[in-house]
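To start, the structure under review is shown below, and the notes come after it.
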Amino acid sequence: MRRSKSAKLMRLWGIGISTGVISLVVLQQPAFAQAMPQTHLFPQMAVHQVAPTNGANGDTNPYGIAVVPKTMGMLTAGDLLVANFNSASAAGAGTSLVEVNPATGTSKIFYQNADITGPVGIAINPSADIVWVAYYGSTPNGSSSGYAVISNSGDLVANYTNASSSYNGNHTLFEGTWGAAFAPGAFFWTNAGAANPTAGGATGQIWRLNPNPTASTKNGQPINATYLPLATNLPTSDIAGTALTPSSVAGPQGMVYDAANKTLYITDDYNNAVYALPNALTATGPVTPIMIAHNGVLNAPQGIAIDPVNHDLLVVDGGSKNDLVELTTSGRILATRTLNSGSGGALFGLATTMMGNGHLIVYFDNSNASALDELSAPTFSYQSYQFTQSNGATTSFGLPTLLNAPRTANKVVGIAYAAGSDGHGYWEVTSNGAVYAEGDAKSYGGLVGARLTAPIVGIASTPDGNGYWLVGADGGVFNFGDAGFYGNTYTDGLTGLKGSHSLNMPVMGIMATADGGGYWLVAKDGGVFNFGDAGFAGSAARSGISYTAATNPLL
């Protein structure tokens with residue numbers, strides 16, 4: 001039997017900690033509320049829309065995004081540049097870059113011209129805010145693609161194209177360009193198309209360019225810039241005899257350079273893979289990239305970025321699930337999070353930054369709404385709190401009172417914070433299983449009218465705020481919304497409050513794990529039952545404390 005306790009139980013029976021708010025439950029009978037963990041784990045972060053990204057010319061469908069590193073020229077540090085892939089009338093015909101201020105939600109056109117038709121990837125030189133934009137071009141096979149180099153004042157500096165670039169006589173360096181990444185003294189890109197597709201579609205490439213800004217130029221490009229293919233013959237959808245469009249091209253896509261281990265990471269949405277290319281700055285010829293992740297939860301991976309908090313890789317899937325995937329630099333999948341519940345294929349670009357308090361922000365484009373969205377971690381300022389009485393009346397300090405009058409004959413026995421509501425949303429549950437959604441929390445149902453074998457005694461919310469669990473005094477667990485069922489005391493062979501193998505004392509509350517993959521139940525005698533991925537850490541009874549003990553009791 002798995003029984004433990006997490007802390008000595010006191011007369012104050014419930015405390016719920018949330019983003020910027022502490023909710024205290026003062027009840028006439030014991031209750032237990034969930035505490036939000038204070039560690040970074042993106043499944044518990046909240047999704048917010050930052051701003052629409054439509055250009056003033058009607059361009060839509062955001063693809064590449066990048067965070068501006070410095071305030072220079074027209075660019076402001078911390079703003080986002082977003083590439084609009086579609087025009088108002090055609091896919092792949094967009095011609096604009098939009099600068100978005102994430103603090104105010106305002107946006108403006110940074111650059112607009114037909115020379116970046118079908119912009120897909122953006123990388124910004126961190127030393128001078130020089131913007132490199134991958135554009136797929138107007139031809140279906142990507143042969144008119146290239147990279148436009150734009151100054152921080154919004155002026156075109158150079159345009160790298162097949163017509164004016166070559167490597168060992170090869171004038172097809174830019175064929176279906178897509179990804180873009182910077183490293184000290186180098187620029188990387190990917191090709192997913194080809195003028196001459198192969199029978200097997202093995203036309204994908206990864207390239208490195210080392211510019212020489214002091215050299216004389218021709219057609220706006222450094223004459224002696226050096227080019228090097230780092231990988232060739234990667235699988236793509238550009239197969240001989242197959243009609244290709246800018247919207248259907250697939251192959252090597254997003255890129256990010258990790259200066260800590262000198263490795264370039266590349267997503268491949270055709271092969272559902274993530275590649276690592278070590279020593280990308282010093283390689284002298286084509287190498288075989290290392291496939292660190294393949295299939296599994298990956299579903300047409302597109303954008304890729306490094307988490308500045310824990311240095312993991314973050315990847316957005318452009319397939320049917322619209323997922324964010326967290327994995328280590330060795331390829332071990334750590335977690336997934338659905339970012340958009342609309343039509344699949346909404347995610348392309350991805351960028352990360354870290355707030356001054358050390359919390360992560362993940363920016364991603366939402367093509368379903370033609371908007372820039374963010375996934376942000378809670379901030380734990382604890383500048384307000386709420387008291388909830390057993391009749392449902394709530395008194396708030398530091399926040400407007402969300403509920404200020406009793407409105408139920410049944411006792412309120414628990415409260416749970418709704419993630420993503422910034423302290424302005426929570427649920428209350430009563431002993432008969434009624435759930436009241438307060439503030440901007442959404443209701444996912446309750447147990448009113450159900451034939452309960454014991455009263456409800458607690459509630460806990462899922463990390464994303466899209467569901468919750470209720471627990472009864474007999475150890476029964478009821479899941480709503482996206483909350484999963486991982487068992488209850490009955491599945492442990494205990495027959496509630498009665499029966500041949502019953503609980504020693506009634507269950508008093510429930511608390512969820514940080515990732516929502518499990519929960520603990522706490523009983524009146526200090527015992528804890530763990531389910532799902534919730535670990536067992538001991539019990540009050542094992543510590544010599546017991547509600548029923550003649551010596552050293554809990555109360």
Side-chain angles (χ1 to χ4, degrees), residues 37 39-47 179 181 190 234-235 250-258 260-261 263-278 288-341 344-352 354 359-364 373-377 419 462-464 466-467 482-484 486 512-519 531-535:
T39 56
H40 160 56
L41 186 68
F42 73 69
Q44 73 192 52
M45 298 160 68
V47 172
T190 58
L234 299 176
Q253 300 272 319
M255 327 173 70
V256 65
Y257 179 76
D258 187 352
N261 59 15
T263 299
L264 183 68
Y265 294 95
I266 308 99
T267 61
D268 172 6
D269 69 336
Y270 183 74
N271 208 28
N272 287 333
V274 175
Y275 299 106
L277 207 159
T288 301
I290 302 168
M291 186 182 290
I292 63 170
H294 184 217
N295 289 325
V297 300
L298 296 174
N299 185 21
Q302 304 279 334
I304 183 170
I306 295 174
D307 183 336
V309 176
N310 60 17
H311 211 73
D312 288 336
L313 298 175
L314 299 180
V315 175
V316 284
D317 278 340
S320 60
K321 296 185 295 183
N322 293 331
D323 277 352
L324 174 67
V325 180
E326 182 176 11
L327 63 158
T328 66
T329 52
S330 62
R332 182 167 62 90
I333 303 296
L334 298 176
T336 62
R337 167 69 186 267
T338 298
L339 296 180
N340 186 281
S341 59
L347 309 180
F348 294 95
L350 182 71
T352 59
M354 186 165 57
H359 286 289
L360 170 71
I361 296 182
V362 180
Y363 295 108
F364 60 96
D373 289 354
E374 73 172 31
L375 182 70
S376 53
T462 57
D464 61 8
N466 293 325
D482 66 356
Y486 304 109
T513 58
D515 63 0
Y519 41 75
F531 300 93
D533 63 6

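This structure is a prediction, so every number in the text was calculated from the model and none was measured.
Across A293 and G331, no two heavy atoms sit closer than the pair CB-O, 4.1 Å. Considering all non-hydrogen atoms of both residues, R337 and A46 come closest at NH2-CA, 4.4 Å. In plain terms, the two heavy atoms of G179 and M255 that are nearest each other are C-SD, 3.7 Å. Between G319 and A300, the closest heavy-atom pair is N-CB, 3.7 Å. Minimum heavy-atom separation, L350 to A305: CD2-N, 3.8 Å.
Every residue two or more places apart in sequence or in another chain that forms a side chain to side chain donor-acceptor pair (under 3.5 Å) with T338 is listed here: D323. Under the side chain to side chain contact (heavy atoms under 4.5 Å, CB included) criterion, D482 pairs with T462, D464, N466, not counting sequence neighbours. For the side chain to side chain donor-acceptor pair (under 3.5 Å) test, residues two or more places apart in sequence or in another chain that qualify with Y275 are D268. Applying the side chain to side chain contact (heavy atoms under 4.5 Å, CB included) criterion to L334, with sequence neighbours excluded, gives D312, E326, T328, R332. Under the ring pair (Phe, Tyr, Trp, His ring centres under 6.0 Å) criterion, F348 pairs with Y63, sequence neighbours left out. The side chain to side chain donor-acceptor pair (under 3.5 Å) search around Y265 returns N261, not counting sequence neighbours. Here D317 pairs with nothing under the side chain to side chain donor-acceptor pair (under 3.5 Å) rule; sequence neighbours left out. Not a single ring pair (Phe, Tyr, Trp, His ring centres under 6.0 Å) links Y270 to another residue, sequence neighbours left out.
Counting heavy atoms from C-beta on, the side chains of I304 and Q253 never come closer than 4.5 Å. Here the side chains of N322 and S341 are not in contact, with every heavy-atom distance at 4.5 Å or above. No side-chain heavy atom of P463 sits less than 4.5 Å from a side-chain heavy atom of T513. When side chains are defined from C-beta on, I306 counts as touching L313, because their heavy atoms get closer than 4.5 Å. Within the 4.5 Å cutoff, the side chain of T329 has heavy atoms near those of the D258 side chain. Contact of the L324 side chain with the F364 side chain is not registered, since no non-hydrogen atoms from C-beta on lie closer than 4.5 Å. Side-chain contact between V325 and I333 is present, with heavy atoms from C-beta onward closer than 4.5 Å. Side-chain contact check for I290 versus L277: every heavy-atom pair is 4.5 Å or farther apart.
For the pair T263 (side chain) and A276 (backbone), a donor-acceptor distance under 3.5 Å is absent. Side chain of K321 to backbone of L298: no donor-acceptor contact under 3.5 angstrom is found. With Y519 contributing its side chain and Y486 its backbone, the two residues share a donor-acceptor pair below 3.5 Å. In terms of modelled atom types and a separation under 3.5 Å, the side chain of T267 and the main chain of G303 share no donor-acceptor contact.
Applying the side chain to side chain donor-acceptor pair (under 3.5 Å) rule to pairs touching residues 293-304 yields D269-Q302, N299-S320, sequence neighbours excluded.
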Test side chain to side chain contact (heavy atoms under 4.5 Å, CB included) on I361 and L375; report intermediate values, then the result.
CA-CA 6 Å; I361 296 182; L375 182 70; over 6 Å; no
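To the nearest 0.5 Å, the span separating CG on L360 from CD on E374 amounts to 10.0 Å.
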